[in-house]
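Data first, discussion second: the structure below is written as C-alpha cells.
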Amino acid sequence: MIDIKLIRENPELVRENIRKKFQEAKLPLVDRALELDRLNRAAINEASELRARRNQLSKQIGALMGQAKKDPAKAGEAEALKAQVKADGERLAQLEELEGKYDGELRAVMMRIPQIIDPSVPIGPDDSCNVEVQRFGEPKVPDFPIPYHTQIMESLNGIDLDGARRVAGNGFYYLMGDVARLHEAVLAYARDFMIGKGFTYVIPPFMMHGAIVEGVMSQSDMDAMMYKIEGEDLYLIGTSEHSMIGRYIDQIIPEASLPHTLTSYSPCFRKEKGAHGLEERGVYRIHQFEKQEMIVMCKPEDSMTWYERMWNYSVELFRSMDIPVRQLECCSGDLADLKVKSCDIEAWSPRQEKYFEVCSCSNLGDAQARRLKIRIRGEDGKMTLAHTLNNTVVAPPRMLIALLENNLCADGSVRIPEPLRPYMGGKERLVPAK
RNA sequence: GCGGAAGUACCCAAGUGGCCGAAGGGGCUCCCCUGCUAAGGGAGUAGACGUCUAAACCGCGUGCGAGGGUUCAAAUCCCUCCUUCCGCGCCA
C-alpha cells in the first residue's frame, strides 16, 4: 500500500510504476483514487464543521437548561436550539455514511495499487524475465540416476503418503524415522544458525483473527491460501510471517529498539488452490509444512542493507549443507504488489538438472507498515513508518528434496552434511532398508 | 466453560447526562531556592490520527478497552464483543 499523498503529488510516478509492472488495467485506479480522495475530504470537511457547530450549540443548550430553572422563558430558547441541532443531525448522518463509503472504497482502491518498486528491479512481464544474479557452488550431476524424492524417502522407510491421504487427504505426509529426524535436524540447525546471526528465536501463535489476516494479506491471497476454523474468528497461519508481523499492528516502536531481528518457527497451512504440476508431487507443495523464517523490522534507510544480508544468510546456510544454490532476482511483473524488491534462493536439483525455489526474500518497504500502522518514534519524537522484510530460513519438507538429491550416493545411501550430524545423534549416513 | 469484579492519559486514581479532554497523586521535563550523598517552591505534561497549510504553528474534528444504540448533548444510560483479575471446572 502506498501513501495517498504520493498519488496527490505525483500521480504520474504511480502510473509509471504500474506500467513497469505490466498492469495497465490498473491505470484507471489512480484517477479513481484521486476522485475518491477529493470526495472523501469534502465530506470530512463538511461533517467536521457540522460537528463543531453541534458541540457549540449543545454547550449553549446546557447553559440555557440551567438558567431555565430560574427563568422559564429560557426553556423556549433551548428548545429552538435543539431543533436546529437535530436538523443538522440529518445532514451529518448522510455525511458520515458518505465518509464511510468513500473511505472504504478508497482503501480498497489503494490496496490494489502496487508498491513503488526499487529502481534496481529488472523490468519484465512475468517470471520468464527473472534474472539469475549469481550461483553459489557447483551444480553437479552424478553419473547414476537420481530417483524422485519420494522414492528416496521410501527407500529409507521415511515417508507414508498413502496413510496421510487416508487420514487427511492429498497434500499431507507422514515423515518417519531418520527422515523425520532429519527434518527436525534441519529446523534445529537453521534455528541455531539464525540465533548465531543475532536473531531472536520466536514461537508465534499458529492461528490469528480475521482482522490480522486482512492486514497482512490481500483478499485474493486469503481465499487461495487460508484455512478458517469453523465457528471461530480464527485462521490457521499460512506462514509465521503472518502472526509475526501481525504482532506489530497499531504499534509505535521506539527507534532505539530497532532493528528487530527475529527468527520464527511455525507449521504453515495452505490451501494451495489451483493446478499443481507433475514436479510438485510428494512433499514439494503441501497443505501443511514447517518453516523457520526470518523477519526484520527496521528504519527505512536500513532496509536495503538488511535485504542483502538476509538473502546472503540463506545462501550461507544452504552452502553449509553442501547444496548448490543460485540467487534469482524477481522482475517487476512477477513481483507481488506489496513488495519493493524480492529474490528467490533456488537450490540445485541434480535430478531435474535445474534450480528450484527454496527461499524467498522480500523487502516490503513501508507497504505492510502503512496497512498495519506500524510506526517508529524517532529520538526526536517524529513518526515514520517502519520497513518490514522477511525471508525463508528453511522450509524442511521442500529443502529435504534438495538435501537428499544432492547428498545421495551411488549405493543409495544419503550422506548427512556435517553441521546436521550433532542433531542426528552423530549419524553420518542414512542407509536404505534391506 | 461457569460465577464474580474491573478496564479512564506514562503509572495509580476521582468521576452516574451539559460547568469534563477529563480532579488528585506519582513519575517525567523545565525554572527558582537551598547547597551536597537530601529537601522545598513554581510551571508544563494526552500520545495518536484526520482535516486545514507549500510546510510548520494555530484552529477544527475524532478520542475515557472496541463496536453499535439512545439523546440537542455520553467517560457517565442501553446492547454486543474483547481483555485482565479472583474463585470453580477442564486440560498438556
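Each chain gets a letter, A, B and so on, in the order its sequence line appears, and its residues count up from 1. Values in this document were obtained by computation on a predicted structure and should not be read as measured data. Note: hydrogens, waters and symmetry copies are ignored here, and every other heavy atom, side chains too, is used.
- The CG atom of L57(A) sits 11 Å away from the P atom of A73(B) (whole-angstrom rounding).
- Listed by first and then second residue, the side-chain hydrogen bond (donor to acceptor under 3.5 Å, both in side chains) pairs that reach into residues 151-163 of chain A are D162(A)-R165(A), sequence neighbours excluded.
- Distance, L92(A) CG to U71(B) P: 15 Å, rounded to whole Å.
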| note | Expected string for nucleotides 47-55 of chain B under the B/S/- scheme (protein heavy atoms, under 4.0 Å, primed atoms plus P, OP1, OP2 as sugar-phosphate) is SS-SSS---

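- The partner of A48(B) is U62(B), by the rule that a Watson-Crick or G-U pair needs both atom distances under 3.5 Å.
- Taking a cutoff of 4.0 Å between a charged side-chain nitrogen and a carboxylate oxygen, K82(A) and E79(A) qualify as a salt bridge.
- Of all nucleotides listed (C60(B), G18(B), C19(B)), C60(B) comes nearest to the side chain of A52(A).
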Per-pair distances, 0.1 Å, donor-acceptor, side chain in residues 177-191 of chain A, under 3.5 Å, sequence neighbours excluded:
{"from": "D178(A)", "atom 1": "OD1", "to": "K427(A)", "atom 2": "NZ", "distance (Å)": "3.3"}
{"from": "D178(A)", "atom 1": "OD2", "to": "K427(A)", "atom 2": "NZ", "distance (Å)": "2.9"}
{"from": "Y189(A)", "atom 1": "OH", "to": "S320(A)", "atom 2": "OG", "distance (Å)": "2.5"}

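- Within the 4.0 angstrom heavy-atom criterion, no nucleotide atom of any strand lies near D88(A).
- We find that CG of D250(A) is positioned 12 Å from P of A66(B), with the value rounded to whole Å.
- With U62(B), G18(B), G21(B) as the candidates, the nucleotide lying closest to the side chain of R51(A) is U62(B).
- With rounding to whole Å, Q56(A) atom CD is found 10 Å from C60(B) atom C1'.
- Across all strands shown, A43(B) pairs with U29(B); the Watson-Crick or G-U wobble distances both stay below 3.5 Å.
- Relative orientation of the H260(A) and Y248(A) rings is tilted, given thresholds of 30° and 60° on the angle between their planes.
- Using the Watson-Crick or G-U wobble rule with both distances under 3.5 Å, G3(B) pairs with C86(B).
- If you check A14(B) for Watson-Crick or wobble pairing at under 3.5 angstrom, you find it has no partner at all.
- Taking atom NZ of residue K86(A) and atom C1' of nucleotide A73(B), one finds them 12 Å apart after rounding to whole Å.
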| said: The test is side chain to side chain donor-acceptor pair (under 3.5 Å); show your working for N17(A) and Q115(A) and say whether it passes. | reply: CA-CA 8 Å; N17(A) 187 62; Q115(A) 178 74 347; over 6 Å; no

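- Under the Watson-Crick or G-U wobble criterion, with both distances below 3.5 Å, C57(B) has no partner in any strand shown.
- If you measure from atom CZ of R54(A) to atom P of C72(B), you get 11 Å, rounded to the nearest angstrom.
- In this structure, G35(B) forms no base pair with any nucleotide, since neither Watson-Crick nor G-U wobble geometry is met with both distances under 3.5 Å.
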